[in-house]
K.L.:
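Sharing a structure here in structure tokens format.
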Amino acid sequence: RSIGLSFPRTRAFCAGTGLPIAVLKGIAMSLERIKELLAKQHLVEELVHNQHMSRQQLVEDIVHRQHHPELYTIVEKMEASELGGVLEALSITDAQHLYSLIPFERTNEILWEISDELREQLVGSRDIGFSENQLNAFELVNGKLRKVPINSRKDLENVKPIWVDLLKASRAERKYVADFYQVDLPDPHDASNLEVSTRFHLENEGDIHLHANFLLDRAGDSRSVPVAFILRREILFSLRDEDLPVFRLQLRRALAKPGFVSDSKDLLLELYGADVEYSSDSLEGIYHTLDRVGKEVLSQAITDDQAAAILSEIAEEENLNGRIRNNILDTQRALSFLMRCKVLSSEQLEDTRQILRDIESLNSHTAFLFDKINFLMDATIGFININQNKRVNQLTMFSVVIMPINIIAGIGGMSEYSMMTQGLPWPVAYGLFVSVMGLIGWATYVALKHVETRKMKSLHKNTDKTGVR
């Protein structure tokens, strides 16, 4: 019994969806297994119906229980885009059966991945919504920014935004918003992998595409988060996969203060300016950390374990400093590109120049911090070398002290010593021998310490005469 599309036709369907190759392979592999399980289930059901046996419903329930666990397992492992492709490739009967096995909490994201025709056949007139906090639109009302939560498709029809913010939006959600506003909305991660020359470009329709990395500085987990900006017809679109402090800060300011922004370009400049402020705060945190580490390194001798911990902390701050430098240079390129596009007003141009001046000052701070980090690393490694030299010196002194003792021990082991002490009891003879060995070792140690002390005094005298510290 034919229950769906053949494998070649399935591949042809997937090829027309624009899905990534990895997703297409997943759809093809999962679809064949699902079709096989559904075929077995349909075959058994037909046999049960044709037999006219008693308790047919019970037998059918048993058959379902045998095949459903494996179907549940396959569905659980599949991504929403893969499930959407599989549902599209199946017949409507099998698609309805497979959809009934999907947990309710996943149905919304899967409904985004299928066509409107299939969606209507599966759930009727049910309106699919955006995930919580994934899409927000902002209108300008009486000079003040107003947030409009977008929970369903219908909400987009009743808003005239100057900013549309997509957070962790799926491919299907991005596509719907892009079709609604007739704009190209890329994946922010894909955009961040572009070459620098193509990350800032102007489309033929006048759309401005900017791709930047924003700093996310958390204790022990600082990283750069890619963000894509698109300016189209006085609307700013932002796409990101993580919640950023910069966006929360600017949102609070814009919502609370009338006249804070006047259009979408103001918003974009404020976001870039807030990112520079956030980077400045992080640099201040690096200064405090390095000051504390510097006191530990320079104020006292440190052990190897302490030195290892200090090196780890310095390396973390160096990594953060490098990330900040890269991000602000990225922001500098984006702002320079905006100025070349000649879309900014005179006031916005002045704001842009001020942000660029702030970036220049931060560049000098990052350069200074690199030098300070290198100095502290060299000082810490120097203490490690000093500790190693102390161990080598201790081993050398121990060898010198043991050397005369070894010579005497060699003599004591000869037969002549036994002849020399023939009249003495052996405990007395060897007790005297051990005492002499200890006395000679102690004398050697005292002599070495005396020589070392004289050298140190001579060094201090020379230092006092030359005035070099």
Side-chain angles (χ1 to χ4, degrees), residues 163 165 186 188-203 206-217 222-232 236-240 242 244-250 253-254 261 263-287 317-373:
W163 181 22
D165 183 34
H189 282 285
D190 294 341
S192 64
N193 294 328
L194 297 174
E195 295 184 0
V196 175
S197 58
T198 58
R199 290 169 67 185
F200 315 105
H201 61 276
L202 183 66
E203 297 285 350
D207 298 353
I208 298 176
H209 287 250
L210 305 168
H211 309 291
N213 291 320
F214 277 64
L215 181 66
L216 179 60
D217 186 11
S222 60
R223 60 186 181 277
S224 297
V225 178
V227 180
F229 291 112
I230 300 93
L231 271 172
R232 176 178 173 80
L236 173 65
F237 297 90
S238 58
L239 300 97
R240 53 200 170 98
E242 291 192 56
L244 292 167
V246 168
F247 280 71
R248 294 198 304 268
L249 173 63
Q250 289 307 103
R253 290 176 177 175
V261 295
D263 58 18
S264 56
K265 294 184 283 293
D266 270 349
L267 267 172
L268 180 60
L269 293 178
E270 290 296 336
L271 287 171
Y272 276 127
D275 185 47
V276 174
E277 290 181 18
Y278 187 71
S279 298
S280 177
D281 293 338
S282 297
L283 286 178
E284 186 176 350
I286 295 177
Y287 271 107
E317 298 304 317
E318 192 275 340
N319 185 40
L320 176 58
N321 189 51
R323 185 174 291 110
I324 291 173
R325 186 178 180 87
N326 180 67
N327 288 356
I328 60 178
L329 288 177
D330 209 33
T331 301
Q332 188 178 39
R333 289 193 295 266
L335 294 174
S336 299
F337 177 78
L338 272 177
M339 295 178 69
R340 292 196 301 272
C341 289
K342 299 180 180 180
V343 295
L344 303 177
S345 65
S346 57
E347 292 181 358
Q348 291 169 345
L349 284 173
E350 182 57 34
D351 291 340
T352 304
R353 294 189 186 97
Q354 181 58 50
I355 297 174
L356 290 175
R357 286 192 289 269
D358 293 339
I359 290 175
E360 289 296 331
S361 66
L362 290 185
N363 282 333
S364 62
H365 282 284
T366 56
F368 172 77
L369 285 173
F370 276 126
D371 293 337
K372 187 170 184 177
I373 286 169

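Here, residue 1 is the first one in the sequence, and each next residue gets the next number.
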K.L.:
Look up atom CD in Glu270 and atom CD1 in Ile355, then write down how far apart they are to the nearest 0.5 Å.
P.N.:
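CD1 of Ile355 is found 7.0 Å from CD of Glu270.
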K.L.:
Indicate the atoms forming the closest heavy-atom contact of Leu216 with Pro245, along with that distance.
P.N.:
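That closest heavy-atom pairing would be CD1-CD, 3.5 Å.
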K.L.:
Between Phe370 and Arg325, is any pair of side-chain heavy atoms under 4.5 Å apart?
P.N.:
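The answer is yes, as the side chains (C-beta and beyond) meet within the 4.5 Å cut-off.
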K.L.:
A side-chain contact here means heavy atoms from C-beta on lying under 4.5 Å apart; do Leu239 and Ile230 qualify?
P.N.:
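In short, these two side chains touch, coming nearer than 4.5 Å.
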K.L.:
If we count only N and O atoms by modelled type, under 3.5 Å, do the side chains of Asp358 and Gln354 hold a donor and an acceptor together?
P.N.:
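Indeed, the side chains of Asp358 and Gln354 share at least one donor-acceptor pair under 3.5 Å.
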K.L.:
I need the Leu215 CG to Leu283 CG distance, nearest 0.5 Å.
P.N.:
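Nearest 0.5 Å value for the CG-CG distance: 9.0 Å.
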K.L.:
Hey, could you give me the CD1/CG distance between Ile328 and Asn363, rounded to the nearest 0.5 Å?
P.N.:
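Ile328 atom CD1 to Asn363 atom CG measures 4.0 Å (nearest 0.5 Å).
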K.L.:
Report the C-alpha separation of Leu271 and Val227 in whole Å, then their side-chain angles, then the decisive distance to 0.1 Å, and conclude whether the side chain to side chain contact (heavy atoms under 4.5 Å, CB included) test is met.
P.N.:
CA-CA 11 Å; Leu271 287 171; Val227 180; over 6 Å; no
K.L.:
Quick check: closest heavy atoms across Ile286 and Glu317, and the distance to 0.1 Å?
P.N.:
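Minimum heavy-atom contact is CG1-OE1, 3.2 Å.
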K.L.:
Quick one: does NZ or CZ of Arg240 land under 6.0 Å from the six-membered ring centre of Phe214, within 45 degrees of the ring axis?
P.N.:
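No, cation not above the ring by the 6.0 Å, 45° rule.
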K.L.:
Please tell me if the side chains of Leu369 and Ile324 come closer than 4.5 Å, counting only heavy atoms from C-beta onward.
P.N.:
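A side-chain contact is absent here, since even the closest heavy-atom pair is not under 4.5 Å.
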K.L.:
Would Asp275 and Thr331 count as a side chain to side chain contact (heavy atoms under 4.5 Å, CB included) here? Give the steps.
P.N.:
CA-CA 9 Å; Asp275 185 47; Thr331 301; 3.6 Å; yes
K.L.:
Minimum heavy-atom separation for Leu210 to Ala334, with atom names?
P.N.:
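Heavy atoms of Leu210 and Ala334 come nearest at CD2-O, 4.4 Å.
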K.L.:
Could you measure the distance from the CG atom of Asp207 to the CZ atom of Arg232? Nearest 0.5 Å is fine.
P.N.:
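Interatomic distance, Asp207 CG to Arg232 CZ, rounded to 0.5 Å: 4.5 Å.
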K.L.:
Among residues at least two apart in sequence or on other chains, which ones pass side chain to side chain donor-acceptor pair (under 3.5 Å) with Glu350?
P.N.:
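Testing Glu350 for side chain to side chain donor-acceptor pair (under 3.5 Å), a comparison that skips the adjacent residues, returns Arg357.
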K.L.:
Atom CG in Asp330, atom CG in Leu335: separation rounded to 0.5 Å?
P.N.:
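Reported to 0.5 Å precision, the distance equals 10.0 Å.
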K.L.:
Any idea which heavy atoms bring His211 and Ala228 closest together, and the distance?
P.N.:
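Taking His211 first and Ala228 second, the nearest heavy atoms are ND1-CB, 3.5 Å.
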K.L.:
Out of curiosity, Gln250 CD to Leu244 CG, how far, rounded to the nearest 0.5 Å?
P.N.:
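Spacing of CD (Gln250) from CG (Leu244) equals 12.0 Å.
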K.L.:
Between Asp165 and Phe247, which heavy-atom pair has the shortest distance, and what is it?
P.N.:
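Nearest heavy atoms, Asp165 then Phe247: OD1-CE2, 4.2 Å.
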K.L.:
Is there a side chain to side chain contact (heavy atoms under 4.5 Å, CB included) between Asp263 and Gln348? Walk through the geometry before answering.
P.N.:
CA-CA 11 Å; Asp263 58 18; Gln348 291 169 345; 3.1 Å; yes
K.L.:
Tell me the closest heavy-atom pair linking Pro226 and Ser224, and the distance in Å.
P.N.:
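Closest pair (atom of Pro226, atom of Ser224, distance): CD-O, 3.8 Å.
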K.L.:
Indicate whether any N or O donor in one side chain lies under 3.5 Å from an N or O acceptor in the other, for Asn321 and Thr366.
P.N.:
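Per modelled atom types, Asn321 and Thr366 side chains form no pair under 3.5 Å.
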K.L.:
Just do the side chain to side chain contact (heavy atoms under 4.5 Å, CB included) check on His365 and Phe368 with the steps written out, would you?
P.N.:
CA-CA 5 Å; His365 282 284; Phe368 172 77; 5.7 Å; no
K.L.:
Looking at Arg223 and Glu242, is there a salt bridge between them, counting it only when a charged N and a carboxylate O are closer than 4.0 Å?
P.N.:
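Salt bridge present between Glu242 and Arg223.
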K.L.:
Flag the pair Leu249 / Tyr278 as yes when at least one side-chain heavy-atom distance between them is below 4.5 Å, and no otherwise.
P.N.:
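Leu249 vs Tyr278: side chains apart.
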K.L.:
For the residue pair Leu356 and Tyr272, establish whether any side-chain heavy-atom pair is separated by less than 4.5 Å.
P.N.:
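Answer no - side chains too far apart.
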